[in-house]
Novice: 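Just passing along the structure, written as structure tokens.
Atoms considered below: every heavy atom in the structure, side chains included; atoms not considered: hydrogens, waters and symmetry mates.
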Amino acid sequence: MADTVTGSDTLFESDKKVVVKVVVESDGSGSTTVLADVSGMTARRDGTSVAYVNLQQVWFACDTGDGGDTHARLDYEDSDADIPMLGLVGTGHWDFSSFGGIQPNTTSNSNEYDVNLVVPAQADDGNMYTVVAEFNKVY
């Protein structure tokens with residue numbers, strides 16, 4: 001079986017920002033879903049492609065099911081091992097815009113700069129994960 005994934009949907013996109021949403025209903029097996037696909041984002045008007053994104057804000061709900069094992073994680077995608085960015089537990093909103101957002105981790109030369117939502121294999125069948133994230137686009 002596989003988790004039921006809706007999105008990633010782009011709610012808003014300009015030359016400077018992109019807001020995306022994804023909803024995952026877990027079947028208890030875990031999953032990785034691309035939340036921010038950098039290579040798929042609209043280039044700047046002069047044709048310059050997006051190099052990476054900075055996470056400005058995130059709204060999240062990681063709950064339901066039987067109430068246990070409802071955590072999730074945001075990772076920067078990397079070809080040899082994804083790089084954890086944030087752990088998400090419960091419901092909340094974090095705003096990182098006052099200091100320029102969370103920058104990508106550049107410790108690996110193979111960093112792809114996409115951002116993934118990771119639902120662990122420990123997730124209970126029926127758990128719901130909703131994430132809305134605002135990113136600044138960097139060229």
Novice: Go through the steps for V115 and V53 under the test side chain to side chain contact (heavy atoms under 4.5 Å, CB included), then give the verdict.
Specialist: CA-CA 9 Å; V115 177; V53 292; 4.1 Å; yes
Novice: CG/L117 to CG/L86 distance, rounded to the nearest 0.5 angstrom?
Specialist: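 So the gap between those two atoms works out to 11.0 Å.
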Novice: Begin with the C-alpha distance, continue with both residues' side-chain angles, and end with the deciding distance and a verdict on side chain to side chain contact (heavy atoms under 4.5 Å, CB included) for W94 and F60.
Specialist: CA-CA 9 Å; W94 290 339; F60 60 93; 4.2 Å; yes
Novice: Is there a path of hydrophobic side-chain contacts, each under 4.5 Å between heavy atoms of I/L/V/M/F/W/Y residues, joining F12 to V132?
Specialist: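 Yes, same cluster.
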Novice: P104 and Y52: which non-hydrogen atoms are nearest, and at how many Å?
Specialist: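 Closest approach of P104 to Y52: CG-CD1, 3.3 Å.
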Novice: Contact between V58 and F96 at the side-chain level, heavy atoms closer than 4.5 Å - yes or no?
Specialist: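 Yes. Closest side-chain heavy atoms under 4.5 Å.
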Novice: About how many Å separate CG of L35 and CG of D75, when rounded to the nearest 0.5 Å?
Specialist: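 So the gap between those two atoms works out to 11.0 Å.
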Novice: Can you tell me how far OH of Y129 sits from CG of L88, rounded to the nearest 0.5 angstrom?
Specialist: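 These two atoms lie 10.5 Å from each other.
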Novice: With rounding to the nearest 0.5 Å, note down the distance linking OG in S26 to CD in Q122.
Specialist: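 Taking OG in S26 and CD in Q122, the distance rounds to 10.0 Å.
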Novice: Taking T91 for the side chain and A61 for the main chain, is one N or O donor matched with an acceptor at less than 3.5 Å?
Specialist: no
Novice: Nearest 0.5 Å, what's the CD1-CG distance between I102 and L55?
Specialist: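 Reported to 0.5 Å precision, the distance equals 5.0 Å.
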Novice: Can you give me the closest heavy-atom contact between S39 and D37, atom names plus distance?
Specialist: OG-OD1, 3.0 Å
Novice: Can you tell if the side chain of R73 reaches within under 4.5 Å of the side chain of M85, non-hydrogen atoms only?
Specialist: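 In short, these two side chains do not touch, never coming nearer than 4.5 Å.
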Novice: Could you tabulate the donor-acceptor pairs under 3.5 Å formed by side-chain atoms of residues 15-25, not counting sequence neighbours?
Specialist:
{"unit_1": "D15", "atom_1": "OD2", "unit_2": "R45", "atom_2": "NE", "d": "3.3"}
{"unit_1": "K17", "atom_1": "NZ", "unit_2": "E134", "atom_2": "OE2", "d": "3.1"}
{"unit_1": "K17", "atom_1": "NZ", "unit_2": "N136", "atom_2": "OD1", "d": "3.1"}

Novice: Would you say Y113 ends up clustered with I83 if hydrophobic residues are merged whenever their side chains have heavy atoms under 4.5 Å apart, either directly or through other cluster members?
Specialist: yes
Novice: Using modelled atom types only, decide if a donor and an acceptor are shared between the side chain of K137 and the backbone of A43 within a distance under 3.5 Å.
Specialist: no
Novice: Keeping D9 on the side-chain end and L11 on the backbone end, is there a donor-acceptor pair under 3.5 Å?
Specialist: no
Novice: Closer than 3.5 angstrom, by distance alone: can the side chain of D114 be matched with the main-chain N or O of V38 as a donor-acceptor pair?
Specialist: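 Checked: pair present.
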Novice: Looking at E77 and N116, would you say the former's side chain and the latter's main chain have a donor-acceptor pair under 3.5 Å?
Specialist: no
Novice: Starting at SG of C62, measure out to CE of M128 and round the result to the nearest 0.5 Å.
Specialist: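 Answer rounded to 0.5 Å: 11.0 Å.
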Novice: So, Q103 side chain and G100 main chain: donor-acceptor pair closer than 3.5 Å or not?
Specialist: yes
Novice: Provide the closest heavy-atom pair for V118 versus P120 in the form atom of the first, atom of the second, distance.
Specialist: O-CD, 3.8 Å
Novice: Do V34 and V5 share a hydrophobic cluster (ILVMFWY, side-chain heavy atoms under 4.5 Å, transitive)?
Specialist: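 Different clusters.
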Novice: Using 30° and 60° as the class boundaries, would you call the ring planes of W59 and H93 parallel, tilted or perpendicular?
Specialist: parallel
